[in-house]
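Residue numbers begin at 1 in each chain, while the letters A, B, ... track the order of the sequences.
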Amino acid sequence: MTVRTRFAPSPTGYLHIGGVRTALFNWLFARGQGGQFLLRVDDTDAGRNVTAALQPILQGFRWLGLDWDEGPEVGGPCAPYFQSQRADRYLAAVEQLLATGAAYRDFATVEEVQAEREEAQREKKRFIYSRRWLAETDEQAAAFEAEGRRGVVRLRMPRNGVCAFQDLVRGDVEFEWSLEQDHVIRRTDGTCLYHLASAVDDHDFAITHVIRAVEHLSNTPRQIFIAKSLGYELPAYAHLPYVAAPGSSEKLSKRKLSKYMQNKQFKKIFDEGVAIAERIRLLVTPETFSPVVVDFYREVGYEPAALMNYLLLLGWSLDDHTETFSKEEMIRQFSLDRINRSEASFDPQKLLAFQERRMQVLSVVERSSRVLPYLERADFVDNPATEAQRIRVQQVVSAAGDRIKVAGDILSYTEFFQADEEIPYDEKAFNKRLRKEGVEPLLRRFREQLGLVTPFDAVTLEGALRAFVEAEGIKIGQIVHAVRVAVTGKAVGFGLFEGLALLGREACVARIDLALKRLAE
RNA sequence: GUCCCCAUCGUCCAGAGGCCUAGGAUAUAGCCCUUUCAAGGCUAAGACACGGGUUCGAAUCCCGUUGGGGACGCCA
């Protein structure tokens, strides 16, 4: 039998970190088994604007390379893959359950059920519906309707015995049937609910392995009940531990962003991301752009491979030392039985570490291609960039070395793409390095030296500067910092000689002049 | 409240009775390199939640306690 797994996103407009991790595991398992991975859209209650809300999610999948064999936009033999379009299937299933007695029509009002629920609370017992307004026959149903009641369909859950099944992650699992509720499967308005839909779809789509987050573990008995009552063969289940918030064991949630911001490193990563977004004029809201959402990493310039690698190791491991996995290796090595049972907290800092390593193995040309769109969008080069600009970008990227950790970091080095009079000065650095006794004449003399350096490259510049230092009888630090601030406006940056060479003689001299002028003001 | 689950460095993992004086990664600190910042190299500090068993022997098995978490919808 061909392995078939699925991921079922709700069209919410963004892809959650925990969600992709679940999707990744589904995808890896399917690919590793030579099976298929499908996407099914859980839009049972949304209806409106699904297409728009789905786009960011599909985009996230594409970016990560999580390709789906069947689902939205690619179709497939089990189409449609939108739950909103499968109502007839669900309704038919409800009729079947009604016919076999696995479900019943119920005419309780919401208030009546609520009253029972509260009573159970008071008695410290688990709420089980009394079935008081159950309609066994059409006559009864008609009578209830005559009272103005409107019916739902509930599952007639077993009231004794246990529901036992094997979970591929958690081992043998048991739930007492008597503690299960008579869940509603069809609303008063005739629409069906998720659990029914899910069981039907998993069967219709021939899903063999249901791999999902552990919050669904307690929903499994009712789905098993539905599936069995409908005569379906059961899929295998694997419940993944949830992804926890940074530094905590609470489930990661997009709603608790302000809480995560108390984590210094989380906030730092967020702030840096926002800074990049602002410079490329990306409209962001915390809902769609935060380290909890996959889009954040794409927009800021992470490598998809880094995110994938990090997520893979969040709850799974091969052994005690392997931590770099290519996509192929992941697929080959992944196994459900090495998934952890306990929750794992999401650590964007460690993700950054994986990102840095990925960046380091990319060539200058590759890194340049990642970085270029940021310069284009922030208007530091033409859009699209000219050939000369591309070469320029490669030179800058080369000089940057591993300082560019995420592609958007290029925007921290824009002094190489700006006109001389446009570069802003870091006020503190300017005061510290330039407004100092003896710096001005030194800088003037160095500026003259610069005119004589030929060729104007890093090696020659270094020789010239060292000779200058010797002649002046100063320490190298006394001139280097001053020149760096004068030429780049900043206290930190590339190696000075690479930087100067990159800018060229004219720009260097012009910028030193500008700095001197400013010093005189 | 009821049911269920989880428990090794701050964090992510390794560990399926002796290989554990508990290993790796990340983060942190110090040192080296050095024109700054990165990167890199070296070093340090850092954990088996607790209590009982079982066993010659327990991080590993069992029970309990504590702590943390999840599920309890005419949401998905």
Could you identify the nucleotide paired to B:rG1, looking across every strand shown and requiring Watson-Crick or G-U wobble geometry with both distances under 3.5 Å?
B:rC72
Atom pair distance, as rounded to whole Å: CD1 in A:Ile185 and P in B:rA76
13 Å
Hey, which sits more toward the 5' end of RNA chain B by its nearest nucleotide, A:Ile476 or A:Cys192?
A:Ile476
Do A:Arg403 and B:rC37 share a donor-acceptor pair, side chain to base, under 3.5 Å?
yes
Report, as a single string ordered 5' to 3', how protein heavy atoms within less than 4.0 Å touch nucleotides 41-47 of chain B: B base, S sugar-phosphate only, - not at all.
-------
Tell me every residue that passes salt bridge (charged side-chain N to carboxylate O under 4.0 Å, His left out) with A:Arg444, counting only those two or more places apart in sequence or in another chain.
A:Glu440
Please give the distance between the P atoms of B:rU26 and B:rC42 as a whole number of Å.
12 Å
A:Phe205 vs A:Tyr81 aromatic rings, parallel, tilted or perpendicular, using cut-offs 30° and 60°?
tilted
When you check the phosphate oxygens OP1 and OP2 of B:rC12, does a side-chain N or O of A:Asn340 lie under 4.0 Å from one of them?
no
To the nearest Å, give me how far apart CZ (A:Phe494) and C1' (B:rU36) are.
13 Å
With sequence neighbours excluded, what pairs up with A:Glu147 under the salt bridge (charged side-chain N to carboxylate O under 4.0 Å, His left out) test?
A:Arg149
What is the nucleic acid contact for A:Arg484, judged by heavy atoms within less than 4.0 Å: base, sugar-phosphate only, or nothing?
base
At a cut-off of 3.5 Å, list every protein nitrogen or oxygen paired with a nitrogen or oxygen from nucleotides 71-74 of chain B, distance to 0.1 Å.
residue	atom	partner	partner atom	Å
B:rA71	OP1	A:Lys251	NZ	3.2
B:rA71	O2'	A:Ser218	OG	2.5
B:rC72	O3'	A:Gln181	NE2	3.2
B:rC72	O2'	A:Gln181	NE2	2.8
B:rG73	OP2	A:Arg117	NE	2.9
B:rG73	OP2	A:Arg117	NH2	3.2
B:rC74	O2	A:Thr188	N	3.3
B:rC74	O2	A:Thr188	OG1	2.8
B:rC74	N3	A:Thr188	OG1	2.5
B:rC74	N4	A:Ala108	O	3.3

Any base atoms under 4.0 Å from A:Arg122, or only sugar-phosphate, or nothing? Heavy atoms, all strands.
nothing
When you compare B:rU8 with B:rC50, how far apart are their P atoms, in angstrom units rounded to a whole number?
11 Å
To the nearest Å, how far apart are A:Leu434 CG and B:rU36 P?
17 Å
Determine the contact category for A:Phe497: base if any of its heavy atoms lies under 4.0 Å from a base atom, sugar-phosphate if only primed atoms, P, OP1 or OP2 are that close, otherwise nothing.
base
Using the C1' atoms only, state how far B:rC19 lies from B:rU35, rounded to an integer number of Å.
50 Å
Pair up each side-chain donor or acceptor in residues 191-199 of chain A with any protein partner under 3.5 Å, not counting sequence neighbours, and list the distances.
residue	atom	partner	partner atom	Å
A:Thr191	OG1	A:Arg187	NH1	2.9
A:Thr191	OG1	A:Asp189	OD1	2.6
A:His195	ND1	A:Gln223	NE2	2.9
A:His195	NE2	A:Arg222	NH1	2.9

Who are the side-chain contact (heavy atoms from CB on, under 4.5 Å) partners of A:Gln355, not counting sequence neighbours?
A:Tyr302, A:Glu303, A:Ala306, A:Leu352, A:Met359, A:Val406
Contacts of type side-chain hydrogen bond (donor to acceptor under 3.5 Å, both in side chains), residue A:Arg341, not counting sequence neighbours
none
Pick base, sugar-phosphate or nothing for A:Lys405, based on heavy-atom distances below 4.0 Å to the nucleic acid.
sugar-phosphate
Whole-angstrom distance between B:rU34 and B:rU28, as gauged at atom C1':
22 Å
Candidates B:rC6, B:rA14, B:rG68 - which lies nearest the side chain of A:Ser249:
B:rG68
Answer yes or no: is there an ion pair linking A:Arg6 with A:Asp202, defined by an N-O contact shorter than 4.0 Å?
yes
Show every side chain to side chain donor-acceptor pair (under 3.5 Å) that has at least one partner inside residues 480-493 of chain A, sequence neighbours left out.
A:Glu415-A:Lys490
Taking any strand in view, what nucleotide pairs with B:rC37 in a Watson-Crick or G-U wobble way, both distances under 3.5 Å?
none
Nearest-Å distance for atom pair CG/C1', residues A:Leu196 and B:rC75
15 Å
Between A:Ser248 and A:Ala244 (side chain of the first, backbone of the second, donor and acceptor by atom type, cut-off under 3.5 Å), is there such a pair?
no
Nearest-Å distance for atom pair CZ/P, residues A:Arg341 and B:rC13
12 Å
Atom CG of A:Leu362 and atom P of B:rA39: how far apart are they, to the nearest Å?
17 Å
Within the 4.0 Å limit for protein heavy atoms, which parts of nucleotides 16-34 of chain B are touched? Write it as a string from 5' to 3', B for base, S for sugar-phosphate only, - for none.
-------BSBSS-------
Residues pairing under salt bridge (Lys or Arg N to Asp or Glu O under 4.0 Å) where one sits in residues 467-478 of chain A, two or more places apart or in two chains, turn out to be A:Arg445-A:Glu472
Are A:Arg156 and A:Asp182 close enough for a salt bridge, meaning some N to O gap below 4.0 Å?
no
Using the P atom as the point on both nucleotides, what is the distance between B:rC31 and B:rA38, in whole Å?
14 Å
Determine the Euclidean distance between corresponding C1' atoms of B:rA47 and B:rC13; express it in Å to zero decimal places.
13 Å
Taking any heavy-atom pair under 4.0 Å as a contact, classify A:Leu496: base, sugar-phosphate, or nothing.
base
Which part of the nucleic acid, if any, lies within reach of A:Gly477 when heavy atoms closer than 4.0 Å are counted: base, sugar-phosphate only, or nothing?
nothing
Give me the distance, rounded to whole Å, that separates B:rC61 from B:rA44 when you measure between the C1' atoms they each carry.
36 Å
Partner set under side-chain hydrogen bond (donor to acceptor under 3.5 Å, both in side chains) for A:Lys268, not counting sequence neighbours
none
In whole Å, what is the span from the CD atom of A:Glu462 to the P atom of B:rU36?
12 Å
Quick check on RNA chain B: between A:Ser345 and A:Ala400, whose nearest nucleotide comes earlier from the 5' end?
A:Ser345
Quick one: A:Glu343 CD to B:rC4 P, roughly how many Å, whole number?
18 Å
Output the single nucleotide from B:rC6, B:rU35, B:rU36 whose closest atom is nearest the side chain of A:Ser342.
B:rC6
Taking the ring centre of each residue, are A:Phe325 and A:Phe334 less than 6.0 Å apart?
no
Mind checking if A:Gly495 touches a base, just sugar-phosphate, or nothing, with heavy atoms under 4.0 Å?
base
Which part of the nucleic acid does A:Glu123 contact within heavy-atom distance under 4.0 Å: base, sugar-phosphate only, or nothing?
nothing
Any strand counts, and the cut-off is 3.5 Å on both contacts for Watson-Crick or G-U wobble. Which nucleotide pairs with B:rA25?
B:rU11
Please state the P separation for the pair B:rA16 and B:rG40 - nearest whole angstrom.
31 Å
Between the side chains of A:Arg212 and A:Asn26, is a donor N or O closer than 3.5 angstrom to an acceptor N or O?
no
Applied to residues 398-412 of chain A, the side chain to side chain donor-acceptor pair (under 3.5 Å) test, sequence neighbours excluded, yields none
